[in-house]
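Before any comments, here is the structure.
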Amino acid sequence: MRPSIIPATISFAPELRPNAWDLVALPLVLVVLWVLAFGGAQMSTPYNLGDPLPLSLDPSHLPYYLLRSGMRMGAGMICSVLFTLVYATLAAKSRYAEKILIPILDVLQSIPILGFLSITVTGFISLFPGNLLGVECAAIFAIFTSQAWNMTFSFYQSLRTVPFDLQEAADMFHLSPWQRFWRLELPFAMPPLIWNMMMSVSGGWFFVVASEAITVSGQQILLPGIGSYISLAISNKNLAAIGWAILTMLVGIILYDQLLFRPLVAWADKFKFETTPGEEIPTSRLLTVLQRSRLMRSIGAAPGVLWNVSLPLFRRRGDSLGKPSARRREFSWVDKLWNTFLALVAAYALIRVGEFVKTEVPLGEVWRVCLMALATATRVLVLIAIASLIWVPIGVWIGLRPRWAQTVQPIAQFLAAFPANLMFPVAVILILKFHLSVEIWTSPLMILGTQWYILFNVIAGASAIPTDFKDAGGNFGLKGWLKWKRLILPAIFSSYVTGAITASGGSWNASIVSELVSWGNDTLTATGVGSYIADATAKGDFPRIALGICVMCLFVMLFNRQLWRRLYRLAEERWRID
C-alpha cells in the first residue's frame, strides 16, 4: 500500500493557531472589506457630464446613501491624516517653511468650501473622462478641505509643545529626526490628534450637503449620499425626509464611533504623557476582539516589522554617547532675506488681485467691504467668547472623567455633525415672527457648526493633564477659581487655543451662509463680508467674489497673527507641561 503524502495533521506555530476570538474578528473584517469593495465599485461607474444620477427620497435608499457618504468621509480622512503628518511636521521643524506654511493654512481655512469646489471640480472631471470617479474625487477633496485644517493646527501645536524633559531624553539617546518623530513626537501628539479627527469627521458631515451637490457648467450633479438627500429634501420642503436623514446620520456617527474612534481612543491611551495605577482607562470591545484574535495580530504585525526595520536605517550617524551634537549655525541675514522675499511675493499677489478687482469695483466699495469684514470680525470674536464660557467648563468636566468621555463622545459627535443649515429656516421664521434684529439673531448661526472645535480640543487637553499635577493641586488645597487659575487653565491652554483658532476660521467660513439666509421667498441679510460674498456668488460677479474672499483672508490672517499666534507662543513658553 502506497504511503500517503498528505500528513495526518498539520502543525502551526502556537501564535498562528486560530482561537475563539478569530470566529468573531474574521467574519467582521470580511464583511467590512466586502462593503468597501462594493462601495468602491459604485464610485467608479461610467458617467458622462449631463447624465442624470438617480436620487430618491424613499427612506429605503438611505442605507446605500449612508455607505456612499461614509466612504467619501473615510477617503477624506485618510487624505487629511497624510496631509497633517507632512504639512504640520514641516511647519514645526523649519522656521523658514513655517513662515510660508502657517499663513497659507490661515488662508486655506478661511476660503469657503464652495470656492474649492468651483476651482477643482472641472480638473477632477477631466482626469477621469467618462467616469463618475472624477466627480467623486471632487467631493472627497471638498470634504478633505473641511477636515484637514484643524487636524494640522492640532498636530503643529503638539509638536511645538513637546515637554523639555522628553526632548532631553531623546537628545541623550541621540535619536535621529526620523526616530524622534516616531518614538516621541507622534505618540505625544496622538491623543489630541484623534480627538480632532473626531471633530473633522463631524465637520465633514456638516459640509457633506455642499460637497455632494456639485454644479458644473450650470448643471447640478447630486451624488448619491446623505448630503444630496438632505439637499433634495430641503428643496422639496419634505420634513419627513429630513427626519429620516437625521436618523440615518445618527446611525452613521454611531458606526464611525464604534468601528473607528472608540478603538482609536482606547489604543491611544497608552500614549498619554503619564498614567497612574487605578486610573480609568478607555475601553473598546472591537479593539479587545482584534487584540485577542491571533489572526488579526499576525496581520497587524507586518507593518510593525517594516517600521522597526526603518528605525535603524535612519539612525543618527557620527554621534557617540556622551558627545554633544554639533549645533546648526544661525545667520540673521538669511532670515532678513527670506522675510524680504516673502513680503515681495505677498505684495505682488495683492497687486495682481487689485488689478483684477479694480476693473469692476470702485475704491469706495473696497473700503465698505473692509467695514463689513470688521462687522463680521466683531460677531466672530463675541461668539468665540460666548462659546468658550459655555464649553470650556463642560469640556474640562468631561475630560477629567474618562468614563463619562466615552458616553458623551458619540453625543458630541452627533451634535457637531448636525447640519446647521437645517436650522436656518427655523431662524428665519422666528426672526420674522417676533420682529428680531437680523444683525444680532443671525449671528448664532455662524457658531452652530464650529463651536464644537473648542469642546473637543478642551476634552483632549483635560484628559491629558498629568495625574501628578492633579495630585499636587490637591496637596496644596487648590479649589474653586484658584484651582482653575493655577492648574486647569494652564494645562489646557494650548489645546484651547487650537480649538479657538479653528473655530474662529470655521466661523468666518460659515458667515457666507449664515449672514444671508432664506426660506421660501423670505430672505434675511445681515451686514458682513459673508453676505457680500454670498450675494456676489449668486450674481456670478467674480471681481467682487475675489475682493470679498481676499478681504476675508486678510482679516483672518491678521487676527491669527496678532491674537492666536501670540497665545500659541504664550502656551509654548509659559504653560508647557514639563
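Worth knowing before you read on, the calculation uses all heavy atoms, side chains too, and leaves out hydrogens, waters and symmetry mates.
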Any [X] side-chain heavy atom under 4.5 Å of [Y] side chain:
X: Leu264; Y: Met197; result: yes
X: Arg72; Y: Leu223; result: yes
X: Met77; Y: Val201; result: yes
X: Leu547; Y: Tyr532; result: yes
X: Trp441; Y: Phe434; result: no
X: Leu432; Y: Leu524; result: yes
X: Ile533; Y: Met552; result: yes
X: Tyr65; Y: Thr248; result: no

Does [X] use its side chain to pair, donor to acceptor, with the backbone of [Y] at less than 3.5 Å?
X: Ser293; Y: Val289; value: no
X: Tyr87; Y: Leu101; value: yes
X: Tyr229; Y: Leu57; value: yes
X: Ser531; Y: Ala526; value: yes
X: Ser228; Y: Leu222; value: no
X: Thr376; Y: Val529; value: yes

Quiz item: Would you call the rings of Phe38 and Tyr64 parallel, tilted or perpendicular if under 30° counts as parallel and over 60° as perpendicular?
Solution: perpendicular

Quiz item: Is any NZ, NE, NH1 or NH2 atom of the basic residue among Glu212 and Arg68 found under 4.0 Å from an Asp or Glu carboxylate oxygen of the other?
Solution: no

Nearest heavy atoms of [X] and [Y], plus distance in Å:
X: Tyr256; Y: Gly70; result: OH-O, 2.7 Å
X: Ala245; Y: Leu62; result: N-CD1, 4.3 Å
X: Asp257; Y: Pro263; result: O-CD, 3.8 Å
X: Cys370; Y: Phe555; result: O-CZ, 3.6 Å
X: Pro27; Y: Asp22; result: CD-O, 3.7 Å
X: Ser200; Y: Met151; result: OG-CG, 3.1 Å

Quiz item: Applying the side chain to side chain donor-acceptor pair (under 3.5 Å) test to Asn196, which of Thr152, Asn150, Thr498, Thr502 qualifies?
Solution: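 Testing Asn196 for a side chain to side chain donor-acceptor pair (under 3.5 Å) against Thr152, Asn150, Thr498, Thr502 leaves exactly one candidate, Asn150.
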
Self-check item: Steps toward side-chain contact (heavy atoms from CB on, under 4.5 Å) verdict (Val380, Met446)
Solution: CA-CA 8 Å; Val380 170; Met446 296 170 57; 3.6 Å; yes

Measuring from atom [atom1] of [X] to atom [atom2] of [Y], what distance do you get when rounded to the nearest 0.5 angstrom?
X: Leu255; Y: Leu66; atom1: CG; atom2: CG; answer: 6.5 Å
X: Ile226; Y: Trp244; atom1: CD1; atom2: CH2; answer: 12.5 Å
X: Leu85; Y: Ser80; atom1: CG; atom2: OG; answer: 10.5 Å
X: Tyr47; Y: Glu136; atom1: OH; atom2: CD; answer: 11.0 Å
X: Thr525; Y: Glu439; atom1: OG1; atom2: CD; answer: 9.5 Å
X: Leu436; Y: Thr442; atom1: CG; atom2: OG1; answer: 10.5 Å

Quiz item: When you look at CH2 of Trp397, are more than 12 heavy atoms from neighbouring residues, nucleotides or ligands closer to it than 6.0 Å?
Solution: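 Above 12, so yes.
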
Quiz item: Can you list the steps and then say if Phe128 with Cys137 is a side-chain contact (heavy atoms from CB on, under 4.5 Å)?
Solution: CA-CA 9 Å; Phe128 303 95; Cys137 288; 3.9 Å; yes

Self-check item: Gln42 and Leu67: CA distance, side-chain angles, deciding distance, side-chain contact (heavy atoms from CB on, under 4.5 Å) verdict
Solution: CA-CA 10 Å; Gln42 297 298 311; Leu67 171 63; over 6 Å; no

Quiz item: With distance as the sole criterion, is a donor-acceptor pair present between the side chains of Ser60 and Asp58 under 3.5 Å?
Solution: yes

Self-check item: Asn457 and Ser495 side chains, donor-acceptor separation under 3.5 Å
Solution: no

Self-check item: Aromatic ring proximity, centroids under 6.0 angstrom, Phe83 and Trp149
Solution: yes

Quiz item: Among Val396, Val392, Ile390, which residue meets the side chain to side chain contact (heavy atoms under 4.5 Å, CB included) test with Ile394?
Solution: Ile390

Quiz item: Could you walk me through whether Ser388 and Tyr496 pass the side-chain hydrogen bond (donor to acceptor under 3.5 Å, both in side chains) check?
Solution: CA-CA 9 Å; Ser388 300; Tyr496 164 75; 2.7 Å; yes

Exercise. For the pair Leu383 and Ser507, evaluate side-chain contact (heavy atoms from CB on, under 4.5 Å) and give the outcome as yes or no after the intermediate values.
Key: CA-CA 9 Å; Leu383 292 171; Ser507 297; 5.7 Å; no

